[in-house]
Amino acid sequence: MELARLHRACLPDSVVGLLGERFVRAFYRYVDRSPLEILAVQRDERDRVVAAAVVSLAPETIYRRLLVATPLALALLVRPVVGGRLAWSMFRSAAVLAGGAPGAPEPGIPELILTFVDPREQGRGRGRSLIREVESRLRERGAGAFKVRTESRPGNAARGFYAALGFVPHGASVRFGTRFDVLTRTIDPA
Ligand SMILES: CC(C)(COP(=O)(O)OP(=O)(O)OC[C@H]1O[C@@H](n2cnc3c(N)ncnc32)[C@H](O)[C@@H]1OP(=O)(O)O)[C@@H](O)C(=O)NCCC(=O)NCCS
């Protein structure tokens, strides 16, 4: 699947990408059909996939849902290191839903969980247009804002991208042993 290949090329270190080709394909089949996720895909004039984004309307439960609906459990078993990090994240999410885990970002607001543009197409406004599509689809669902996590490390180029698009800082979180800035963006109702 073209989308899965581009994902692994653009985001080789993402948790989804680390779980292997078979899981990445199952992940995209799942989010495409899921009523709780939005999959936005942009194509070029030759109909090739050049950019994609995934938003979850229920980010706190997505990994548990994937566990039931995809070969996630198998992918985790053969990759115990990634599996351990993911299990910890699911535990944290469960604690947030139960009202625990002080300092964790609040549930209830949609989350942009993946954004990527083909490296050959970066810097041409594809990312901005992708976020516009995401916003328009979230607006249709009645959402007033959404959030994104991006790595806090100074060399992370995505931080400049989100700043240019008007995302504002909304705290930080630690996930999979990495520190992330949490950013939010209000969706204009017009
Ligand atoms: C981050 C990413 C999605 C940006 O997509 P893009 O198509 O290159 O971005 P655009 O061309 O639409 O740029 C939109 C704005 O962001 C700014 N921007 C983009 N990359 C930037 C950077 N590295 N530093 C500062 N600003 C940046 C652009 O200048 C532009 O602002 P302007 O319209 O005011 O000039 C893309 O670089 C990417 O896929 N990176 C690898 C995957 C990744 O890091 N995903 C995010 C994980 S949280």
Side-chain angles (χ1 to χ4, degrees), residues 1-21 23-25 27-28 31-32 37-60 62-63 66 82 85-86 89 92-93 104-105 107 109-139 143 145-188:
M1 184 203 281
E2 208 183 343
L3 190 51
R5 264 199 308 276
L6 188 62
H7 174 120
R8 297 192 78 206
C10 295
L11 294 166
D13 297 330
S14 68
V15 171
V16 172
L18 288 171
L19 290 171
E21 174 82 23
F23 173 69
V24 180
R25 286 163 181 257
F27 171 83
Y28 282 105
V31 295
D32 193 25
E37 271 73 42
I38 294 170
L39 173 61
V41 178
Q42 303 233 326
R43 295 174 178 272
D44 68 7
E45 56 293 340
R46 286 196 273 167
D47 209 34
R48 288 178 311 192
V49 175
V50 288
V54 177
V55 182
S56 181
L57 303 172
E60 302 78 20
I62 186 168
Y63 285 113
L66 287 167
V82 188
R85 285 157 69 193
L86 197 56
S89 171
R92 297 263 308 172
S93 298
I109 144 168
E111 179 170 351
L112 178 63
I113 55 175
L114 287 167
T115 322
F116 53 91
V117 173
D118 184 328
R120 293 166 298 186
E121 296 283 334
Q122 289 175 11
R124 299 180 182 182
R126 297 271 191 202
R128 185 181 281 278
S129 146
L130 189 65
I131 299 297
R132 258 202 302 266
E133 178 182 344
V134 160
E135 285 189 357
S136 132
R137 292 177 61 181
L138 279 170
R139 193 182 293 116
F146 64 112
K147 68 185 170 191
V148 66
R149 287 169 226 258
T150 193
E151 284 189 44
S152 304
R153 64 182 165 80
N156 175 14
R159 293 172 75 200
F161 170 70
Y162 292 122
L165 266 64
F167 282 78
V168 296
H170 193 86
S173 69
V174 177
R175 269 193 148 187
F176 315 126
T178 303
R179 189 181 164 83
F180 290 85
D181 292 339
V182 181
L183 310 168
T184 57
R185 189 168 146 81
T186 305
I187 299 170
D188 181 353

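Note that this is a predicted model, so its numbers are computed, not measured. Every number for a ligand or one of its atoms is a count from 1 in the order of the listing. Just so you know, residue 1 is the first one in the sequence shown, and it goes up from there.
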- Among non-hydrogen protein atoms, atom 42 (C) of ligand 1 lies closest to Leu11 CD2, 3.6 Å
- Query: Polar-atom distance check: Gly125 versus ligand 1, any N or O pair below 3.5 Å?
  - Reply: yes
- Query: Side chain, backbone, both or neither: which part of Phe180 has a heavy atom under 4.0 Å from ligand 1?
  - Reply: neither
- Heavy atoms, side chains only, cut-off 4.5 Å: are Phe27 and Leu19 in contact? no
- Task: Apply salt bridge (Lys or Arg N to Asp or Glu O under 4.0 Å) to the pair Asp118 and Arg120, showing each step before the final yes or no.
- Result: CA-CA 5 Å; Asp118 184 328; Arg120 293 166 298 186; 2.8 Å; yes
- Does an N or O anywhere in Thr115 fall below 3.5 Å from an N or O of ligand 1? yes
- Query: Ignoring hydrogens and geometry, is there a side-chain-to-backbone donor-acceptor pair from Gln122 to Val117 under 3.5 Å?
  - Reply: yes
- Message: Looking only at protein heavy atoms, which one is nearest to atom 17 (C) of ligand 1, and what is the separation?
- Response: Ala164 CB, 3.7 Å
- atom 34 (O) of ligand 1 protein-contacted, heavy-atom criterion under 4.0 angstrom: yes
- Note on the structure: In short, Leu130 meets Ala40 closest at the heavy-atom pair CD1-O, 3.9 Å
- Query: What about Arg124: any of its N or O atoms under 3.5 Å from an N or O on ligand 1?
  - Reply: yes
- Arg149 and Val182: which non-hydrogen atoms are nearest, and at how many Å? CG-CG2, 4.2 Å
- Which residue and heavy atom of the protein sit nearest atom 22 (C) of ligand 1, plus the separation: Ala157 O, 3.5 Å
- Closest approach of Val54 to Glu37 (non-hydrogen atoms, all atoms of both residues): CG1-CG, 4.4 Å
- Query: Short N/O distance, under 3.5 Å, between Cys10 and ligand 1?
  - Reply: no
- Quick one: nearest non-hydrogen protein atom to atom 40 (N) of ligand 1, plus distance? Gln122 NE2, 3.6 Å
- Salt-bridge contact Arg48-Glu2 (side-chain N to carboxylate O under 4.0 Å): no
- Query: When you measure from the side chain of Arg185 to the backbone N and O of Glu135, does any donor-acceptor pair fall under 3.5 Å?
  - Reply: no
- Message: Do Pro119 and Cys10 have side chains that approach each other closer than 4.5 Å (heavy atoms only, starting at C-beta)?
- Response: yes
- Message: Within the structure provided, determine whether Val148 and Phe180 are in side-chain contact (heavy-atom separation under 4.5 Å).
- Response: no
- Item | Identity and distance of the protein heavy atom lying nearest atom 8 (O) of ligand 1 | Gly123 N, 2.7 Å
- Message: Can you report which non-hydrogen protein atom sits closest to atom 3 (C) of ligand 1, along with the distance?
- Response: Val117 CG2, 3.9 Å
- For atom 25 (C) of ligand 1, find the nearest protein heavy atom and state the residue, atom name and distance (0.1 Å precision). Gly160 CA, 3.5 Å
- Query: Counting only heavy atoms on the protein side, is anything nearer than 4.0 Å to atom 28 (C) of ligand 1?
  - Reply: no
- of all protein heavy atoms, closest to atom 18 (N) of ligand 1 is Phe161 CA, 3.8 Å
- Query: Against heavy atoms of Phe116, which atoms of ligand 1 measure under 4.0 Å?
  - Reply: 39 (O)
- ligand 1 atoms in contact with Tyr162 (distance to a heavy atom under 4.0 Å): 46 (C), 48 (S)
- Kindly say whether Ser152 contributes a backbone atom to a donor-acceptor pair with the side chain of Arg159 at under 3.5 angstrom? yes
- Do Arg128 and ligand 1 have an N or O pair less than 3.5 Å apart? yes
- Query: If you count the atoms of ligand 1 from 1 in the order shown, which ones are under 4.0 Å from a heavy atom of Thr150?
  - Reply: 48 (S)
- Does ligand 1 have any atom sitting under 4.0 Å from a heavy atom of Leu165? yes
- Task: State whether any protein heavy atom lies less than 4.0 Å from atom 10 (P) of ligand 1.
- Result: yes
- Message: Quick one about Thr150 and Asp181 (side-chain donor to acceptor, distance below 3.5 Å, no hydrogens or angles considered), yes or no?
- Response: no
- Message: Is there a polar contact, in the sense of an N or O pair closer than 3.5 Å, between Ala158 and ligand 1?
- Response: no
- Query: With side chains defined as the heavy atoms from C-beta onward, is the minimum distance between Leu11 and Val16 less than 4.5 Å?
  - Reply: no
